[in-house]
Amino acid sequence: MKITALNGFKDILPGDIELWQRVESTAREIFSRFQFSELRLPILEKTELFARSIGEATDIVEKEMYTFVDKGVTMRPETTAQMIRAYIEHGLYAQRPIQRLFTIGPMFRHERPQLGRLRQFHQLDAEVLGTDNPRIDAEVMAMGSMLLERLGISVSLEMNSLGCPECRPVFRQRLLAFLEERMDHLCDDCKRRSTTNPLRALDCKNPTCREQVADAPSILDNLCEGCADHFQVVRSCLDKLKVPYSLNKFMVRGLDYYCRTTFEFITGDLGAQSAVGGGGRYDGLVEKLGGPKKTPGIGFAMGLERLVLLLQQQEKEQEKRQEELDIFVAGLGPVASEVCFDLVHELRKQGLRVGIDHEGKSLKSQMKQADKAGATHVLIVGEDELARGEGVLRNMTNQEQQDIALDPQVIGTKVSGR
RNA sequence: GUGGAUGUAGCUCAGUUGGUUAGAGCACUUGGUUGUGGCCCAAGAGGCCGUGGGUUCGAGUCCCAUCAUCCACCCCA
């Protein structure tokens, strides 16, 4: 029986990794423009951290977490909670009143895998802690948009407000009354939701439910004054930054901690998965997790494999071969191989990317290897040249050859272009 | 957790109504060039046909089971 990777866990192989690196480096570059600092967080946390923040009744906590029950620890299903944990634990709020942070890494959820959805997946996650200034909401969304634009991925930004502990319960009651009137027409899931989280019914993909819910009361019409004002400023700021967006009064985020501004970056090119990224405000969460009182926060996460999938679709045919080696050293015969062995090491010390074959293959075979590896030069060391202390340096792009001293310095400067 | 589809070479896939030794393309190795890559040509290597059972003189092909993968539902990144 062959041992294979676990279902929902994927190897990222050479050839695919370039896109990952591009996404990550672009993110670092864009995020730094917005004064965000990177940090790295552990993969394992106490189970309680996620249960308390994400919400006991959410799907993630109820059935999707990889938990070591005997140890009371869980592999992170998302990172906002632990970002806040670190913020509190290290007193980051004391070092700087407003923290802009981001992190990149793997998350784990035990769901059935499908296109764009794995059990180990990767996210970029950006959070701003310590302010509820609506300009920050706009800035954060603008940052996400800028990253996607820079990557050449076109998505739409959808936004909603979920209100706050003051106005949401009121709306919830109003919505519940609305749903109860047409309970008979709703799907089983929505019937169940109406008791646990009626807002979720707004999000149902079942066509009949959509129909039923189409003229449901909008939370945007039921915001309290504070939330309404806040949302209004967010909108005008986005306009000012010329970040396009649309309102989606049906958008409900799946995590309990969200309030006020929520948003998603949406695509139609990922099968059943429409969200490339999503996030929102969570003004009560820091305090709930034991941090300083009234510390608001907002952030978003983007799914790396979803970004990579979109890039792969776009660039299917491009496939440009890039140079991977500066020089391939081909030794002919045991004596030459012996010389090449340390010569190669010296060249690498000089910073060159060097390939070598230790299997005693023919020159033709070694030339093929060099070509496949994308070497720009090949150094051929045979018995004749060796006797003179020289080798033949072949330029693989213009086929020119010349004798050259077997001196790492000389070869190094020649190959790297003076 | 639920539904549908698919499992044949490293990869992408053929394989007639069950019938001898299971094929192709790409990739790989070697040779055509005694020490020179790409293109071309030739040869070679590579398969318990997912696994287990059943029907049959005979199963890659039919039946059952099982496992795996993919897609979708749920939900989300």
Side-chain angles (χ1 to χ4, degrees), chain A residues 1-10 13 15 54 57-64 76-80 104-125 144 155 187-190 192-193 197 200 203-206 209 251-255 264-267 270-279 299-310 321 325 328 330-333 336 355 359 361-386 391-397 399-401:
Chain A
M1 192 60 181
K2 258 193 287 189
I3 297 179
T4 58
L6 290 169
N7 187 15
F9 290 72
K10 281 274 187 294
L13 299 176
I54 299 170
T58 57
D59 284 354
I60 293 180
V61 173
E62 261 178 8
K63 52 184 192 188
E64 293 175 2
R76 60 180 184 189
E78 64 108 40
T79 195
T80 303
I104 303 177
M107 309 292 156
F108 304 84
R109 292 183 201 172
H110 189 98
E111 305 176 86
R112 276 302 245 281
Q114 64 193 67
L115 183 66
R117 173 206 257 161
L118 296 172
R119 289 182 171 170
Q120 175 177 340
F121 60 103
H122 300 76
Q123 287 187 335
L124 313 164
D125 190 90
V155 297
C187 70
D188 292 345
D189 282 327
C190 284
R192 180 173 48 77
R193 285 178 185 125
N197 186 356
R200 290 274 192 86
D203 207 14
C204 187
K205 279 169 194 153
N206 183 310
C209 291
M251 189 175 72
V252 180
R253 304 285 303 161
L255 283 49
E264 286 181 1
F265 295 100
I266 304 285
T267 177
L270 275 180
Q273 268 60 245
S274 57
V276 172
F300 68 87
M302 286 199 193
L304 276 183
E305 22 287 278
R306 290 185 183 180
L307 295 175
V308 169
L309 275 172
L310 290 171
R321 213 258 288 278
L325 286 181
F328 188 97
L332 301 174
E359 311 305 314
K361 299 270 189 157
S362 68
L363 177 59
K364 176 174 172 163
S365 171
Q366 296 196 57
M367 290 298 290
K368 277 190 178 178
Q369 286 183 57
D371 183 52
K372 250 177 294 183
T376 53
H377 298 80
V378 173
L379 178 70
I380 300 162
V381 183
E383 312 266 324
D384 303 347
E385 295 90 345
L386 194 56
V392 177
L393 184 67
R394 177 180 177 86
N395 181 318
M396 294 295 272
T397 43
Q399 288 104 298
E400 282 172 11
Q401 295 192 175

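Residue numbering restarts at 1 for every chain, and letters A, B, ... go by the order of the sequence lines.
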Integer angstrom distance from the C1' of rU20(B) to that of rA59(B): 14 Å
List in chain and number order the residues that pass side chain to side chain donor-acceptor pair (under 3.5 Å) with [X], two or more places apart in sequence or in another chain; answer none if no residue qualifies.
X: Glu385(A); value: none
X: Arg306(A); value: none
X: Arg76(A); value: Gln82(A)
X: Glu383(A); value: none

Nucleotide nearest Lys10(A) when distance is taken to its side chain, options rC74(B), rA77(B), rC70(B): rC70(B)
Minimum-distance nucleotide to Pro113(A) side chain [options: rC70(B), rC74(B), rU29(B)]: rC70(B)
Residues that Arg117(A) engages under salt bridge (charged side-chain N to carboxylate O under 4.0 Å, His left out), provided they are two or more places apart: Glu111(A)
With Glu264(A) via salt bridge (charged side-chain N to carboxylate O under 4.0 Å, His left out) - residues at least two apart: Arg253(A)
Atom pairs, N/O to N/O, protein against nucleotides 35-41 of chain B, distance under 3.5 Å?
from	atom 1	to	atom 2	distance (Å)
rG35(B)	O6	Asp384(A)	OD2	2.7
rG35(B)	N1	Glu385(A)	OE1	3.0
rG35(B)	N1	Glu385(A)	OE2	2.9
rG35(B)	N2	Glu385(A)	OE2	2.6
rU36(B)	O2	Arg394(A)	NH1	3.4
rU36(B)	O2	Gln401(A)	OE1	2.8
rU36(B)	N3	Gln401(A)	OE1	2.8
rU36(B)	N3	Gln401(A)	NE2	3.3
rU36(B)	O4	Gln401(A)	NE2	3.3
rG37(B)	O2'	Asp371(A)	OD2	3.1
rG37(B)	N7	Arg394(A)	NH2	3.0
rG37(B)	O6	Arg394(A)	NH2	2.7
rG37(B)	N1	Met396(A)	O	2.6
rG37(B)	N2	Asp371(A)	OD1	3.2
rG37(B)	N2	Met396(A)	O	3.1
rG37(B)	N3	Asp371(A)	OD1	3.3
rG38(B)	O4'	Asp371(A)	OD2	3.2
rG38(B)	O6	Gln399(A)	NE2	3.2

Identified stems (criterion: three or more consecutive Watson-Crick or G-U pairs, under 3.5 Å), RNA chain B: B:1-7 with B:67-73, B:10-13 with B:23-26, B:28-32 with B:40-44, B:50-54 with B:62-66
Residues that Leu386(A) engages under side-chain contact (heavy atoms from CB on, under 4.5 Å), provided they are two or more places apart: Val335(A), Ala336(A), Val339(A), Val381(A), Leu406(A)
